[in-house]
Number of protein chains: 2
Amino acid sequence: MALLTIKQLAEQLGLAPSTVSKALRDSYEISAETKQRVLEAARQYHFTPNPYASSLRRKNSRTIAIVVPEVEDSFFSTAINGIEFVAHSADYHVLIYLTHEDQALEESILRELSNGRVDGILISVATGSASARHLLDYNMSGKPLVFFDRVLDEVPVHKVITDDFEAGYLASKHLLENGCTHISFLSIGDGLNIMKQRFDGGAKAVREFRPGTPYHYVNCSPDPNTARILIQKLLTSANQPDGIIGAVEKLAIATYLECKSLEIRIPEDLRVLAFSNLPTASLLKPGLSTIRQPAYEIGKKAASLLFESLNKNKPPFTPKSIVVPSVLEPRASTLWKEWQDHQ
Amino acid sequence: MALLTIKQLAEQLGLAPSTVSKALRDSYEISAETKQRVLEAARQYHFTPNPYASSLRRKNSRTIAIVVPEVEDSFFSTAINGIEFVAHSADYHVLIYLTHEDQALEESILRELSNGRVDGILISVATGSASARHLLDYNMSGKPLVFFDRVLDEVPVHKVITDDFEAGYLASKHLLENGCTHISFLSIGDGLNIMKQRFDGGAKAVREFRPGTPYHYVNCSPDPNTARILIQKLLTSANQPDGIIGAVEKLAIATYLECKSLEIRIPEDLRVLAFSNLPTASLLKPGLSTIRQPAYEIGKKAASLLFESLNKNKPPFTPKSIVVPSVLEPRASTLWKEWQDHQ
DNA sequence: GGTTTAATCGAAAACGATTTCGCAGATTGA
DNA sequence: TCAATCTGCGAAATCGTTTTCGATTAAACC
C-alpha cells in the first residue's frame, strides 16, 4: 500500500498541493472552511506528510539523539525515561545511541550525527581520557548539544549535573563516621569528570575528619567482569580496605558479588557505599547505602534545556550548568557503628 | 557552519553531482581513480550525504523503531541493548518509543510510524485488552514488524518469545514442591498473551501435582504504586497466599517491599518467585528465585529477523515464531523445604 | 466609478540526493 | 575502415514537501 502524498490528497480535494500544505499547518492564508475540509480529508485518509521530504525542505528533523554509554543501568534508563517524556511532549522523535564506553565509537556517532539527522544531542560521555574534539566540532556546527551527568568542562554548552564533589564528600564522611580506616574509591576509568569530582570530594572529607587515613583511587574497568577481578584483587590484597565507595551502580553490584564469593561480611568487614539508583538497594543483603541521583529530573531538565536552545533563534549563548542535588541514603551496608552498638 | 552538499563537493572536484554520488556508492560506472579522488575529498571535508534527501529519494530510512512499554526494567533495557547491537552492526539508526503501558499511546505511535519514518518496527506490546487494529494496519503497509516477548497472536509476523507456558509450569511446580498450598499469580494486566501463558502453565502444574490447590490470578496494575496497594491487600486478606509468582520484575520488587513493611518473612511465611532479569536477584534478602529470560538474545534475534525481512524483497512470507527458553534459577526466596530441613 | 486593500488560492522553485538515460570518446571486431 | 561495443561521465528528472511570489476576485475606500 503506497503512501498517500500531499499531491494525491490535493487532487482528491480539487486543491493545489500548496494549499493543502498551508491548510495543514494552519496558515492564515487559507479560509476556515477550506482548512476544515482539508483537515477532515487528512484524517479520513490517515494522511501524514512524508517526514523526510518535510525535513529536507524545512531543514530540521524534529528528532533528537540520546548518546549514552549504556542502557542497562538504572541511572541511564531512568534518565532516558525523563528525556523521552519531554521529547514526546514536544512532539519530537528520539534516536538512541550506545557508546559502550568506547571513545572511538562515540566519535564516529557524533560525526555521523552532524550531517543534520538530528536537531540536537543529549549526551553523557564515555569514559576514557581522549579529546573532546568531536564534541567541540559538533558544537561548532551550531546545533545544540546538552550534557548530562558525565560532562566535559571544555565544551561550552548547557550541562545538567549533580553536586558530585559534595556527594563524594558526604560519602567519605559517612564512611569515616562509621569506623572506616582505609577507604577505596572504585572508579570505572580516568578522565571522567564525575569520577574526579567524587573522588576529590571524598579526599576533602578525609582531610577534614581523619587526616592521614588511607584513601585510594582504584581504577576498575567499565567491564563488569574485569572489574570483578580487580575488586577481588583489591579485597584479598595485603592492605585491603574496610570501606568502599563505588562510583557507579555496576561497581556496587560487582563488589557485593565478590564479597559474597569471598565471604567478606558487609558491613562488619567492609562497609560499602555506592553512587547508584538501584530500585532494589533497600532490598539487598545488606541494604545498600547509596548516593541516589535524581535521574528522571536530570533527564527532564537536560531535555528541556535542549528544547530551549532549539526554540531560541541564535541568542547570545551563555551556557548554563544546572546542579541538582543527590541524596545520601544510608542503609545497613555502612551502618557499622549502629551494628556494633547493638552487640 | 552550513553543511557541505554533494553539489559543492562535486564543484570542488570538477565533477558532476551524479558522478560523485555514484562514486560514493561504488558504482561500476565510475573509474577506480575517480572513485579514489572522490572518497578522499569526502573524507577530507567530512562529507556525509544529507540523510533526509537521501531517504526521500531512495524511499528508505536506514532507521528502525523500538516500541516498548518502558525502559526502566532489566528485561527491556537488556533487550534494547541486544537490538542496538544488531542495528549498529547493520548501520541502522534506532528510534525509541515508550508506550508506558498505554494502548492509546501505542496506537498513535504506530500510526505516526506508518508514514515512512522507519523501515521497520520491533515491538513489545502494552498491556490492555484493546484491539490489534493498529498493528494489523501497520503490517498491511508492507513494512516489516517483529514482536518480541509480548506478542499479539492475531498479527501474522515474526515473533521472538520465550516458552512462557512451560516457564509458568515450572514456576508453579517449584512452588508446590516447596510446600506452597495457596499460590497467587500476580499479573500486570489482562489481555497480554504472556500473562495468560504463564498463568495457564502454572495451572497445569497445580492440576498435575496437587489438584485442588488454590491458585489465583491477581490482576495488579502496571503502576508500581497501585500494584503495591493491591499486593498489600492480598497479603493481609483472610486467605492470603503462601506462594507468589510475579509476572514481571516490578511486581517482584513491589512484593518484597510490601513484605518488608508488613514484616512478612520470605520464604517462611511466603515464597516468592518472579519472572525477572534483575542483576541483583542473588543479592537480595533473601535471594530472589527467578525465571530469567535471555533478554539480550531475544533482542538480537528479533532485530536479526527484522533485518532479514528488510533485505529479502517481498518473499512468500511465512511468519516464524522463535522460542528461546527461559531458565528457572531457584534461590532462597522459595527454598522453604531446605530451610525447614535445616531446622 | 476607479483604485486600494484584503482574502484565497495556485504555479513554480526550492531542499539535496539518486537514478535514468544519453552522449561522447575509446576500443574492439570483421 | 566502418560499425558495434564499451567506458566514463554528465544532464535532467525525480522523490514529496514547503515557501515564495503572484494572480484573481471581492470588499472597501474616497
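Within every chain, numbering begins at 1; the chains are lettered A, B, ... in the order of the sequence lines, protein sequences first and strands thereafter. Note: hydrogens, waters and symmetry copies are ignored here, and every other heavy atom, side chains too, is used.
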(request) For A:His88, check side-chain hydrogen bond (donor to acceptor under 3.5 Å, both in side chains) against everything at least two apart and list the hits. (result) none
(request) Name all residues meeting the salt bridge (charged side-chain N to carboxylate O under 4.0 Å, His left out) criterion together with A:Arg58; count only those two or more places apart in sequence or in a different chain, and write none if there are none. (result) none
(message) Between B:Glu72 and A:Thr78, do the side chains contain a donor N or O and an acceptor N or O under 3.5 Å apart?
(response) yes
(request) Name the first nucleotide and the last nucleotide along DNA chain C (5' to 3') that come under 4.0 Å of a heavy atom in chain B. (result) C:dG16 to C:dC21
(message) So does A:Phe148 get a backbone contact from the side chain of A:Ser124, meaning a donor-acceptor N/O pair under 3.5 Å?
(response) yes
(request) For A:Lys59, check side chain to side chain contact (heavy atoms under 4.5 Å, CB included) against everything at least two apart and list the hits. (result) none
(request) Would you check, one step at a time, whether the test side-chain hydrogen bond (donor to acceptor under 3.5 Å, both in side chains) holds for A:Glu101 with A:Thr127? (result) CA-CA 6 Å; A:Glu101 304 284 12; A:Thr127 186; 5.1 Å; no
(message) Testing A:Asp119, A:Val86, A:Thr63 one by one against A:Tyr92 for a side-chain contact (heavy atoms from CB on, under 4.5 Å), which residue passes?
(response) A:Asp119
(request) Looking only at non-hydrogen atoms, find the nearest pair between A:Lys143 and A:Asn115 and report the distance. (result) NZ-C, 4.4 Å
(message) Rounding to 10°, can you tell me the angle the first-five-pair axis of the helix from C:dG1-D:dC30 to C:dA30-D:dT1 makes with its last-five-pair axis?
(response) 50°
(message) Applying the side-chain contact (heavy atoms from CB on, under 4.5 Å) criterion to A:Leu113, which one of A:Val67, A:Ile123, A:Leu145, A:Ile64 satisfies it?
(response) A:Val67
(request) Using a cut-off of strictly less than 4.0 Å between a heavy atom of the residue and any atom of DNA chain C, enumerate the qualifying residues of residues 14-24 of chain B by number. (result) B:Ser18, B:Ser21, B:Lys22
(message) Measuring from atom NE2 of B:His93 to atom OG of B:Ser61, what distance do you get when rounded to the nearest 0.5 angstrom?
(response) 9.0 Å
(request) Could you tell me which residues satisfy ring-ring contact (aromatic ring centres under 6.0 Å, His included) with B:Phe76, sequence neighbours excluded, listed by chain and number? (result) none
(message) I'd like the 5' and 3' limits of the part of DNA chain D contacted by chain B, with heavy-atom contacts below 4.0 Å.
(response) D:dG8 to D:dG16
(request) Determine, step by step, whether B:Asn193 and B:Leu152 satisfy the side chain to side chain contact (heavy atoms under 4.5 Å, CB included) criterion, reporting the C-alpha distance in whole Å, the side-chain angles of both residues, the deciding distance to 0.1 Å, and the verdict. (result) CA-CA 7 Å; B:Asn193 190 288; B:Leu152 252 32; 5.8 Å; no
(request) With a 4.0 Å heavy-atom cut-off, tell me which residues in residues 36-60 of chain B come close to DNA chain D, sorted by residue number. (result) B:Leu56, B:Arg57, B:Lys59
(message) Going by the rule side-chain hydrogen bond (donor to acceptor under 3.5 Å, both in side chains), which residues pair with A:Gln36 if we only count those two or more places apart in sequence or in a different chain?
(response) none
(request) Could you pick out which residue, B:Lys35 or A:Ile6, lies toward the 5' side of DNA chain D when each is mapped onto its nearest nucleotide? (result) B:Lys35
(request) Sequence neighbours left out, what pairs pass side chain to side chain donor-acceptor pair (under 3.5 Å) with at least one residue falling in residues 38-54 of chain B? (result) B:Gln12-B:Tyr45
(request) Under the salt bridge (charged side-chain N to carboxylate O under 4.0 Å, His left out) rule, collect the residues that match up with A:Glu112, sequence neighbours excluded. (result) A:Arg117
